[in-house]
2 protein chains.
Amino acid sequence: MLSIAEENYIKRLVYLSLENGAGDGVGTNELATGLQVKPSTANDMLKKLRQKELIDYEKYGKIHLTELGTKIGMEIIRKHRLWETFLYEKLEFTWDEVHEVAEQLEHIQSEKLVEKLDKFLGFPKFDPHGDPIPNQAGEMQLLAKKMLAAVNVGEQCKMVAVKDNSAVFLNYVVELGLGINNQIEVLSKQDFDDSMEIRINGKTNRVSKKFAQNIYVIAD
Amino acid sequence: MLSIAEENYIKRLVYLSLENGAGDGVGTNELATGLQVKPSTANDMLKKLRQKELIDYEKYGKIHLTELGTKIGMEIIRKHRLWETFLYEKLEFTWDEVHEVAEQLEHIQSEKLVEKLDKFLGFPKFDPHGDPIPNQAGEMQLLAKKMLAAVNVGEQCKMVAVKDNSAVFLNYVVELGLGINNQIEVLSKQDFDDSMEIRINGKTNRVSKKFAQNIYVIAD
DNA sequence: TAATAAAGTTAGTTTAATCTAACTTTTAAT
DNA sequence: ATTAAAAGTTAGATTAAACTAACTTTATTA
Ligand SMILES: [Mn+2]
Ligand SMILES: [Mn+2]
Ligand SMILES: [Mn+2]
Ligand SMILES: [Mn+2]
């Protein structure tokens, strides 16, 4: 059984592995930054995770999750997203509040709890942020989504997820009248700073490049 | 904010204080035994809890929770019993399964979560074992219950709670066809070993003294 | 009341997870 | 091809929570 610290390292490795893409592996400093610890701390943990056969890793090399490590990581992400869905759907939490509490709940150890919770929620496929929920086998439904920043002027799209999960970002999204499954039309782009004008439910707003890089959409 | 270890010490102190009764205080060894640690370990923690003003305690003296310590302890018990109720009422857990998972869930830190959970469950007054759930102020509805072992021959009573929460005991209770709110009639008592014959829904069974000391009833 | 037992404390050790400071290896730039 | 910067590692220290072994205090009992 893994400690909460070990679980957090594994989870972070899953995210960084996905970000870095196919087989590239993850660096020690990158991992440390993601977990807000010093590289030396991460380095110590890497030895432990290797010992437990959760990662492939050799001195000065890149970190790769083993099959076992990936499986365990997906289970943690499954729990996190199921709990977020529970808080949002059943307990009236807002989507900017769920992440913080799910960070704690994801470490509760009980297989039965996860499966019963999944059933209770009606086997949801996506969490409140539009992120796919892995099934019991660790598989999840990936949408062919792209960033709002990549949508061309004049095109319509539909928001399916957010990248940033921070309360400050999510509250801004709500302030703009935007939510999952809402339509967005890109009216113009400013070459100078890559800001764009978008129309949401008839209302027009100018948003920054940074903003547009944190909204996921699909063509519509 | 308290660590999980600290919370477990406080919770155990609440239970032992209640058991020992009014103002008697709790001993170091007793506390250590309850938490399955060595007395020296408990002793170290006592210094920390005193430092944090959660207990009154001096060398070789008895341990007393402060008002703050009691308040925090009741909050943990409130969370434990609310989670047990959630698992039982909403997720189809059986009453012998809920305690173990609630031992983990009781340490989740989120006031909002507790209050929303309470509301979601319809502000329950008792958990699946018949134990009263403290309200937000830390108060709970105490029943004037007594042990089945104390019921006289020929009398009827109603089971309101169990003392032992272990799966092995709870499964035995179910096997006997017994549950919360069931009527029990005491048919006879054996002076030799204090075993008794009881009738539950028309069926007669002989139960041991130990058993009868773990069932709480009220007159009926 | 003196001896013995029980209860409680202290000192020193261990493990997990973190840190800082110093060092080594790899990568990037001149 | 050197050199400087970035990335990664090692050594040693710290903190929390546990332990064992030895000691002290309090309670019990002969
Ligand atoms: Mn989240
Ligand atoms: Mn999410
Ligand atoms: Mn319980
Ligand atoms: Mn209970």
Side-chain angles (χ1 to χ4, degrees), chain A residues 1-13 16-17 19-21 23-65 69 72-73 76 103-104 106-107 109, chain B residues 1-13 16-17 19-21 23-65 69 72-73 76 103-104 106-107 109:
Chain A
M1 247 245 295
L2 300 189
S3 69
I4 289 177
E6 287 167 332
E7 288 198 346
N8 283 330
Y9 279 87
I10 294 294
K11 184 176 60 150
R12 188 54 41 191
L13 283 171
L16 292 172
S17 301
E19 270 181 36
N20 293 358
D24 274 8
V26 178
T28 304
N29 286 6
E30 197 182 0
L31 175 61
T33 305
L35 289 162
Q36 315 219 70
V37 297
K38 300 297 170 196
S40 55
T41 304
N43 187 264
D44 278 351
M45 183 60 91
L46 290 179
K47 292 170 186 168
K48 205 189 311 178
L49 297 179
R50 178 179 44 197
Q51 173 64 36
K52 296 193 174 186
E53 305 197 49
L54 300 171
I55 58 171
D56 287 328
Y57 162 70
E58 55 195 70
K59 226 165 64 154
Y60 296 108
K62 289 294 178 185
I63 310 153
H64 297 265
L65 283 161
I72 289 175
I76 301 166
E103 286 288 303
Q104 298 179 62
E106 72 189 4
H107 301 294
Q109 305 281 236
Chain B
M1 246 243 296
L2 300 189
S3 69
I4 290 177
E6 288 168 331
E7 289 198 347
N8 283 330
Y9 279 87
I10 293 294
K11 185 176 60 151
R12 187 55 41 192
L13 283 171
L16 292 172
S17 301
E19 270 181 38
N20 294 358
D24 274 8
V26 177
T28 305
N29 288 4
E30 196 183 359
L31 175 61
T33 304
L35 289 163
Q36 315 219 70
V37 299
K38 300 297 170 198
S40 56
T41 304
N43 187 264
D44 278 351
M45 184 60 91
L46 290 178
K47 292 170 186 166
K48 206 189 308 176
L49 297 179
R50 178 180 43 196
Q51 174 64 39
K52 296 193 174 186
E53 305 196 51
L54 301 171
I55 59 172
D56 287 327
Y57 162 69
E58 54 195 70
K59 229 171 52 159
Y60 297 107
K62 289 294 178 186
I63 310 153
H64 296 267
L65 284 162
I72 290 175
I76 301 166
E103 286 288 304
Q104 298 179 61
E106 72 189 4
H107 302 293
Q109 307 279 245

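In what follows, chains are A, B, ... by sequence order, proteins preceding strands, each numbered from 1.
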List, one per line, each side-chain donor-acceptor pair under 3.5 Å for residues 50-58 of chain B, sequence neighbours excluded.
unit_1  : atom_1 : unit_2  : atom_2 : d
B:Arg50 : NH1    : B:Tyr57 : O      : 3.0
B:Lys52 : NZ     : B:Glu6  : OE1    : 3.3
B:Lys52 : NZ     : B:Glu6  : OE2    : 2.9
B:Tyr57 : OH     : B:Asn43 : ND2    : 3.2

How close or far is atom P of D:dT10 from atom CG of A:Leu46, stated in whole angstroms?
11 Å
Applying side chain to side chain contact (heavy atoms under 4.5 Å, CB included), can you list everything that pairs with A:Glu7, at least two apart in sequence or on another chain?
A:Leu2, A:Ile76, A:His107, A:Gln109
A:Leu65 and A:Ser17 have their tightest heavy-atom pair at CD1-OG, 4.2 Å
With sequence neighbours excluded, residues passing side chain to side chain contact (heavy atoms under 4.5 Å, CB included) with B:Asn20:
B:Asp24, B:Val26, B:Glu30
So, taking the atom named OG1 in B:Thr33 and the one named CG in B:Leu16, what distance separates them when rounded to the nearest 0.5 Å?
9.0 Å
Pairing residues for B:Glu19 by the salt bridge (charged side-chain N to carboxylate O under 4.0 Å, His left out) criterion, not counting sequence neighbours:
none
Rounded to whole Å, please give me the gap between NZ in A:Lys52 and C1' in C:dA16.
10 Å
With respect to the phosphate group of C:dT18, does any side-chain polar atom (N or O) of A:Tyr9 fall under 4.0 Å of OP1 or OP2?
yes
Here the distance between atom P of C:dT10 and atom CD of B:Glu58, to the nearest Å, is 13 Å
Choose from D:dC19, C:dT20, D:dG8 the nucleotide whose nearest atom is closest to any side-chain atom of A:Tyr57.
D:dG8
To the nearest angstrom, how far is B:Asp44 atom CG from C:dG12 atom P?
13 Å
If you round to the nearest 0.5 Å, how far is CD1 of B:Ile63 from OG1 of B:Thr28?
4.5 Å
Taking only N and O in the side chain of B:Lys47, is any of them less than 4.0 Å away from OP1 or OP2 of C:dT9?
no
What parts of residues 25-33 of chain A reach DNA chain C, counting only heavy atoms under 4.0 Å away?
none
Just how far, in rounded Å, is P of C:dG8 from CE of B:Met45?
17 Å
Check side chain to side chain contact (heavy atoms under 4.5 Å, CB included) between B:Lys62 and all other residues, then give those that pass, not counting sequence neighbours.
B:His64
How would you summarise protein contacts on nucleotides 21-27 of chain C per nucleotide, using B for base, S for sugar-phosphate only and - for none, with heavy-atom distances below 4.0 Å?
---BSS-
For the pair made of CG in B:Leu35 and C1' in D:dA18, what is the distance, rounded to whole Å?
12 Å
So, does A:Lys62 get its side chain near the phosphate of D:dA7, meaning an N or O under 4.0 Å from OP1 or OP2?
no
Can you tell me if A:Asn43 touches the phosphate of D:dT9, counting only side-chain N or O atoms and a distance under 4.0 Å to OP1 or OP2?
yes
Can you list everything that forms a side chain to side chain contact (heavy atoms under 4.5 Å, CB included) with A:Thr41? Sequence neighbours excluded, please.
A:Tyr9, A:Val37, A:Lys38
